[in-house]
2 protein chains.
Amino acid sequence: MPIYRDIQAELLRRISTGIWPTGTTIPHETALAAEFDCTRTTIGRALRELASAGLIERKRKAGTKVIARSGRDAIVTISPVREEVRAAGQDYGYALVARDQGKAPEAVRAAMGLSARDTVLHVQCLHFADGQPHQFEDRWINLATVPAAKGQSFEEISPNEWLIREVPYSRARHVFRAARPAEQERNTLRLAPDEWVFVVERVTWLEASAITYARLLHPADRFQLITRDPEAMRQSPPPSAE
Amino acid sequence: MPIYRDIQAELLRRISTGIWPTGTTIPHETALAAEFDCTRTTIGRALRELASAGLIERKRKAGTKVIARSGRDAIVTISPVREEVRAAGQDYGYALVARDQGKAPEAVRAAMGLSARDTVLHVQCLHFADGQPHQFEDRWINLATVPAAKGQSFEEISPNEWLIREVPYSRARHVFRAARPAEQERNTLRLAPDEWVFVVERVTWLEASAITYARLLHPADRFQLITRDPEAMRQSPPPSAE
DNA sequence: CAGTGGTCTAGACCACGCC
DNA sequence: GCGTGGTCTAGACCACTGG
């Protein structure tokens, strides 16, 4: 175990056991370096990660303080549908529902920050798990950013997977909510009469230009999102909740 | 701007523009240090953050490769209800519904990893936004870990806020899903006849011992969770999606 | 303006894991 | 084995900001 990890663990212990309660100004880097018998660089590394994890706040001259974590961060990993289904030990299936090029509706333009004259590709498709509809993907792709999408039929590969391959990096924003399904959605997903859908909305950007906006609808009766703690320091893994 | 940020930006550019497509092995730290005329330490810092952001993968001897970001991480910040309501510009209200000490039901014991003889405190309460029910909090507190909870009536302060104050730092696991409300929940939250609830489930631990298990129920018609990107490198802030 | 964190260097040794 | 990343040192200068 690297030294800076040991130091992190010890500092974390002092915070979590109340030795350094919220608001405490902890010793300077120099003092800590002396205590742990290492260089200030190493202390700095340990503290930097604690700071980015939101446990402490560092200000020049003012020093380092333990801050109140009023909000809790949770990390949701949103895997491609295929992997998600496979990971659950189910068979994956895919079907294209519709593909259409043109103008985006106002709501989509707003979400993607497009002007009225931008053209987009609208793709609707369905992902199956063991033959059951698992996710309805309703997606708009900005053709200005990803012109290559024009040449893709999306009959064999889902826009989801194709985009992952095509666009190496992007920034994303997600919204999670539950909603009443529209008629088409209810039928396509074969929902129970009173069943709602769990919606994951996602907008991604490449640098400053929008790539795609997607609404991913799941039968709410058999879907949930599980999060993990913001990692950074993994010392005592949380006991498996099963 | 620090040098390592400049380097990150340049490397990011090479990745996002396809100069280094997915799968590329990029130059060694030593080579990059020569190119950018700095030390290997500085290159290492730049690369370390790109790696933790999931853009590259580093292996000794094998080198550093650009990887496909199949899964996208999103960070959800779950604020205390009071703050959440206040942030929305609404009036916050609180009411205790029930408080009861005893054994936990099997499902709760399993989630918290408790044995059959552990005693827990069961608290139900309601949070209001502008007089409307906003969240129904159904919570179990492990009295072995937080004995001080026995002395709290929770008539004035919600368990949520009290625990944040009481337990300095802890680890959490969340589950998000949508569910049909039980009869009591439907009435308490004054839901529309067909309305579902958006459920946030949370288990928190202090080190290895469970602190609390909570089910936070929201009227699905007026609730959503918004995520932000895993930070690390903030260069071009995402265009505001409004 | 003085103390604190932020960054960087030049070098070193080590540990992992392909070949 | 041996090349690569992982960590650490000892020191330096700088930038911010609170007193």
Side-chain angles (χ1 to χ4, degrees), chain A residues 1-12 14-15 20-69 231-235, chain B residues 1-12 14-15 20-69 230-235 237:
Chain A
M1 178 117 86
I3 296 174
Y4 77 94
R5 288 278 178 208
D6 288 335
I7 297 174
Q8 270 176 3
E10 170 58 18
L11 299 181
L12 189 55
R14 293 183 189 175
I15 292 172
W20 288 339
T22 297
T24 308
T25 298
I26 76 174
H28 325 149
E29 290 195 346
T30 317
L32 290 171
E35 179 191 343
F36 290 103
D37 191 34
C38 65
T39 54
R40 194 164 75 87
T41 313
T42 301
I43 296 293
R45 168 115 187 234
L47 291 178
R48 188 192 321 138
E49 294 187 4
L50 291 178
S52 78
L55 280 156
I56 57 178
E57 185 182 46
R58 320 194 66 197
K59 271 209 284 251
R60 289 161 154 127
K61 172 74 178 187
T64 300
K65 282 201 299 204
V66 179
I67 59 179
R69 297 176 71 224
E231 48 171 346
M233 65 236 65
R234 58 187 61 215
Q235 36 163 23
Chain B
M1 180 115 87
I3 295 174
Y4 78 93
R5 288 279 177 207
D6 288 334
I7 296 174
Q8 270 177 3
E10 170 59 17
L11 299 180
L12 190 54
R14 293 182 190 176
I15 293 171
W20 288 340
T22 296
T24 308
T25 298
I26 76 174
H28 325 151
E29 291 194 346
T30 318
L32 290 172
E35 179 192 342
F36 289 103
D37 191 34
C38 65
T39 54
R40 194 164 76 85
T41 313
T42 302
I43 297 293
R45 167 111 187 240
L47 291 178
R48 188 193 320 138
E49 295 188 3
L50 290 177
S52 76
L55 279 154
I56 57 177
E57 185 180 46
R58 320 194 65 195
K59 272 209 284 250
R60 288 160 154 128
K61 172 74 179 184
T64 301
K65 281 201 299 204
V66 179
I67 58 178
R69 296 176 74 217
E231 47 174 344
M233 68 233 60
R234 58 188 60 214
Q235 33 165 27

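Quick note on labels: first sequence line is chain A, next is B, and so on, each numbered from 1.
Between the CD1 atom of I7(B) and the P atom of dT9(C) there is a distance of 8 Å, given to the nearest Å. Atom CD1 of I3(B) and atom C1' of dT9(C) are 10 Å apart (whole Å). In this structure, L32(B) atom CG and dT4(D) atom C1' are separated by 13 Å, rounded to whole Å. Summarising the geometry, the separation between CG on D37(A) and P on dC8(D) is reported as 13 Å, rounded to the nearest angstrom. Taking atom CZ of residue F36(B) and atom C1' of nucleotide dT9(C), one finds them 18 Å apart after rounding to whole Å. In this structure, E57(B) atom CD and dT4(D) atom C1' are separated by 14 Å, rounded to whole Å. Atom C1' of nucleotide dG5(C) and atom NZ of K65(A) are separated by 15 Å, given to the nearest angstrom.
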- Item | Residue pair L32(B), I7(B): steps toward the side-chain contact (heavy atoms from CB on, under 4.5 Å) verdict | CA-CA 9 Å; L32(B) 290 172; I7(B) 296 174; over 6 Å; no
- Task: Test side-chain contact (heavy atoms from CB on, under 4.5 Å) on I26(B) and L47(B) and set out the steps.
- Result: CA-CA 11 Å; I26(B) 76 174; L47(B) 291 178; 4.0 Å; yes
- Task: Apply side-chain contact (heavy atoms from CB on, under 4.5 Å) to Q8(A) and M1(A), showing your working.
- Result: CA-CA 11 Å; Q8(A) 270 176 3; M1(A) 178 117 86; over 6 Å; no
- Task: Take E10(B) and E35(B) through the side-chain contact (heavy atoms from CB on, under 4.5 Å) test and state the conclusion after the steps.
- Result: CA-CA 12 Å; E10(B) 170 59 17; E35(B) 179 192 342; 5.5 Å; no
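Here the shortest heavy-atom pairing between A33(B) and R40(B) reads CB-N, 4.0 Å. Taking every heavy atom of both residues into account, A62(A) and T25(A) meet most closely at O-CG2, 4.2 Å.
For the segment residues 20-29 of chain A, the set of residues with a heavy atom within less than 4.0 Å of an atom of DNA chain C comprises H28(A), E29(A), in numerical order. Contacts with DNA chain C (heavy atom under 4.0 Å) in residues 41-48 of chain B: T41(B), T42(B), R45(B), listed by number.
For the pair G63(B) and M1(A), both in contact range of DNA chain D, the more 5′-proximal nearest nucleotide belongs to G63(B).
In this structure, E29(A) CD and T39(A) OG1 are separated by 10.0 Å, a value rounded to the nearest 0.5 Å. Between I56(B) atom CD1 and L50(B) atom CG the span is 5.0 Å, to the nearest 0.5 Å.
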Restricting both atoms to N or O, compile the protein contacts to nucleotides 13-18 of chain C shorter than 3.5 Å, with distance only.
unit_1	atom_1	unit_2	atom_2	d
dA15(C)	N3	R60(B)	NE	3.3

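In terms of phosphate contacts, Y4(B) brings no side-chain nitrogen or oxygen within less than 4.0 Å of OP1 or OP2 of dC8(C).
Residue contacts for T64(A): at a heavy-atom cut-off of 4.0 Å it reaches the sugar-phosphate backbone alone, with no base atom in range.
Between V66(A) and P21(A), the closest side-chain pair of non-hydrogen atoms is not below 4.5 Å. Put simply, the side chain of F36(A) does not reach to within 4.5 Å of the side chain of D6(A), judged on heavy atoms.
The pair R48(B)-E49(A) fails the salt-bridge criterion, with no side-chain N (NZ, NE, NH1 or NH2) lying under 4.0 Å from an Asp/Glu carboxylate O.
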